[in-house]
Amino acid sequence: MSQLCINDPEQAQAIYYSYSAEIPSKLMENMPTILAKQYQLQTIHVLAVDGTPLPISVIGNGTPVLMLHAFGMDTRQFLPFILPLTNHYRFYLPHFRGFGLATALTLPNFDFIEQYAEDTEQVLKYITIENNAATVSVAGISMGALVMWAYFRRFGTSKVSRYLNIDQAPIIHNQADWQGGLFGVRQAELFAKFDKVVNDTAPYLAFDDFRHLPFALKSGLLEMEQAFSLLSVGRRHSQLVVKTLNHRAPHQVALMTHATWQHKLRCLAAYIQLPFDYREALEAVDIPTTLLIGGRSQLYQPKWQQRLADMLPNATTHLLPKSGHAVPMDEPVGFYRAL
């Protein structure tokens with residue numbers, strides 16, 4: 001078991017922003033040297049159903065809380081927001097297969113959301129036994145929240161005491177009765193662009209080294225990532241951070257390594273092809289649920305997210321009017337208060 005700790009919230013915030021663009025960060029690489037003894041961060045492993053050891057970052061003492069990260073996010077990006085709460089809560093931060101400390105773990109199923117939901121059930125079993133607790137509070141952001149909607153449909157709410165859903169609808173594709181899917185009215189346009197990227201890169205998925213891809217293809221992938229990140233933020237300072245962290249000179253693109261590019265494309269293909277509709281599970285989610293909504297979200301329109309409050313038996317909404325989809329970047333204080 002490895003143990004790390006963190007003392008300076010500003011350094012932690014720097015870690016958060018460095019991972020927002022998935023740029024290899026010297027801060028993260030040298031984590032043991034910049035962390036102090038005040039807060040212990042441990043890495044444990046829980047066995048999945050298929051026997052895969054799932055890495056989980058754990059920090060704090062007290063009531064257990066499970067937090068599920070977004071697509072492309074390293075779960076340790078949560079650290080700046082939870083550090084002040086570690087004297088009262090013990091946070092479990094799983095790394096979904098393909099991201100963070102689980103970058104080397106492959107997906108056995110094309111339906112990665114269902115796989116993550118199954119893995120989450122194993123993690124919750126461990127947490128309840130380890131803490132002698134019947135239930136656990138859970139927070140999920142973006143993809144992590146979609147995983148929880150899939151989890152509720154498959155496993156119910158018996159292990160969850162309350163749930164914080166951060167800017168995520170329970171359905172991806174727009175339907176005749178629901179136009180609040182991913183990207184809202186721009187869904188067809190943006191899905192077509194993403195589908196082209198997936199098809200263009202398909203012949204190269206066997207290339208393990210990102211540097212061996214054609215330069216134009218690499219540039220297109222990186223531009224797509226930046227465009228997605230810019231759609232996710234709603235404030236100028238967040239947009240500036242995204243643009244700064246994603247700026248690369250041609251020689252940097254040519255020499256860049258990218259550990260998650262294949263995994264991201266496979267997940268993107270699943271987003272486009274699979275329905276991911278969990279609305280049928282909503283009426284059974286009777287635990288206290290808070291819907292934290294970015295008022296400027298371009299990924300999931302706020303008006304459709306607010307409708308979820310009427311579809312859930314025990315839900316309240318909390319709108320952050322100046323935030324986009326990436327609530328921690330746009331409204332870090334509001335995000336912390338919601339926690």
Side-chain angles (χ1 to χ4, degrees), residues 4-23 25 27-28 31 34-36 38-39 41 57 59-60 65-95 99-100 137-145 148 162-168 226 228-246 290-300 302 305 316-339:
L4 304 173
C5 48
I6 198 158
N7 187 39
D8 187 346
E10 291 186 0
Q11 290 175 327
Q13 189 73 20
I15 292 172
Y16 174 83
Y17 284 127
S18 70
Y19 264 80
S20 295
E22 294 227 341
I23 295 176
S25 168
L27 283 171
M28 191 62 78
M31 219 172 178
I34 68 170
L35 301 176
Q38 186 174 357
Y39 304 101
L41 176 66
S57 295
I59 190 170
V65 177
L66 173 65
M67 299 188 69
L68 304 181
H69 67 78
F71 182 81
M73 177 181 173
D74 186 299
T75 192
R76 291 167 291 185
Q77 289 176 242
F78 283 129
L79 288 175
F81 309 100
I82 64 177
L83 288 175
L85 304 172
T86 52
N87 287 332
H88 304 287
Y89 300 95
R90 185 165 178 81
F91 291 95
Y92 292 83
L93 314 175
H95 298 254
F99 298 112
S137 295
V138 178
I141 180 170
S142 192
M143 180 195 71
M148 281 309 297
R162 56 179 54 245
Y163 173 52
L164 174 63
N165 182 83
I166 305 166
D167 210 73
Q168 177 64 52
Q226 176 173 299
F228 183 85
S229 296
L230 288 173
L231 283 171
S232 297
V233 295
R235 307 194 71 176
R236 288 186 177 181
H237 70 267
S238 300
Q239 294 170 353
L240 179 60
V241 168
V242 169
K243 291 178 180 179
T244 300
L245 293 177
N246 281 276
T290 299
L291 305 170
L292 185 60
I293 302 169
R296 298 178 181 176
S297 179
Q298 296 185 68
L299 268 64
Y300 298 97
Q305 291 194 63
T316 58
T317 61
H318 184 185
L319 181 71
L320 298 175
K322 296 182 180 180
S323 178
H325 176 72
V327 173
M329 286 188 69
D330 282 340
E331 290 286 354
V333 175
F335 177 61
Y336 167 77
R337 288 174 177 171
L339 292 177

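- In this structure, S229 OG and L245 CG are separated by 9.5 Å, a value rounded to the nearest 0.5 Å.
- Note that the NE2 atom of H88 and the CD1 atom of I82 stand 14.0 Å from one another [nearest 0.5 Å].
- Side-chain atoms of K243 and L230, non-hydrogen and from C-beta on, do get closer than 4.5 Å to each other.
- Distance OH/Y89 to CD1/I59: 15.5 Å, rounded to 0.5 Å.
- Between F81 and F335, the two ring planes are perpendicular [angle over 60°; tilted spans 30° to 60°].
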Q. Hey, mind stepping through L41 and L79 against side-chain contact (heavy atoms from CB on, under 4.5 Å) and telling me if it holds?
A. CA-CA 10 Å; L41 176 66; L79 288 175; 4.0 Å; yes
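- Counting heavy atoms from C-beta outward, H237 and M329 have side chains that stay 4.5 Å or more apart.
- Between G294 and D167 the shortest heavy-atom distance is N-OD1, 2.8 Å.
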(Q) Applying side-chain contact (heavy atoms from CB on, under 4.5 Å) to Y300 and H325, what does each step give before you reach the verdict? (A) CA-CA 7 Å; Y300 298 97; H325 176 72; 3.9 Å; yes
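- Between Q168 and I141, every side-chain heavy-atom pair lies at or beyond the 4.5 Å cut-off.
- Counting heavy atoms from C-beta outward, D330 and L320 have side chains that stay 4.5 Å or more apart.
- The line from CD1 of I166 to CD1 of I293 is 11.5 Å long, rounded to the nearest 0.5 Å.
- Residues K322 and R235 have side chains in contact (heavy-atom distance under 4.5 Å, counting atoms from C-beta outward).
- Contact record, L319 with G295: CD1-CA, 3.6 Å, taken as the closest heavy-atom pair.
- Contact record, L292 with Q305: O-OE1, 4.4 Å, taken as the closest heavy-atom pair.
- The closest donor-acceptor contact from the side chain of R296 to the backbone of S323 lies at 3.5 Å or more, if one exists at all.
- Here the shortest heavy-atom pairing between N165 and A145 reads OD1-CB, 3.3 Å.
- In this structure, the side chains of Y336 and P84 come closer than 4.5 Å at one or more pairs of heavy atoms.
- Nearest heavy atoms, A338 versus H318: CB-ND1, 4.4 Å.
- Taken to the nearest 0.5 Å, the CE atom of M148 stands 11.0 Å off from the CG atom of L164.
- At a threshold of 4.5 Å between non-hydrogen side-chain atoms, the residues V233 and V241 do not count as touching.
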Q) Could you go step by step and tell me if R76 and H95 meet the side-chain contact (heavy atoms from CB on, under 4.5 Å) rule? A) CA-CA 9 Å; R76 291 167 291 185; H95 298 254; 3.8 Å; yes
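- Smallest separation of non-hydrogen atoms from P302 and S297: CD-O, 3.9 Å.
- Contacts of F91 classified as ring pair (Phe, Tyr, Trp, His ring centres under 6.0 Å), with partners at least two apart in sequence or in another chain: none.
- By the 4.5 Å heavy-atom criterion applied to side chains, M67 and T75 are not counted as neighbours.
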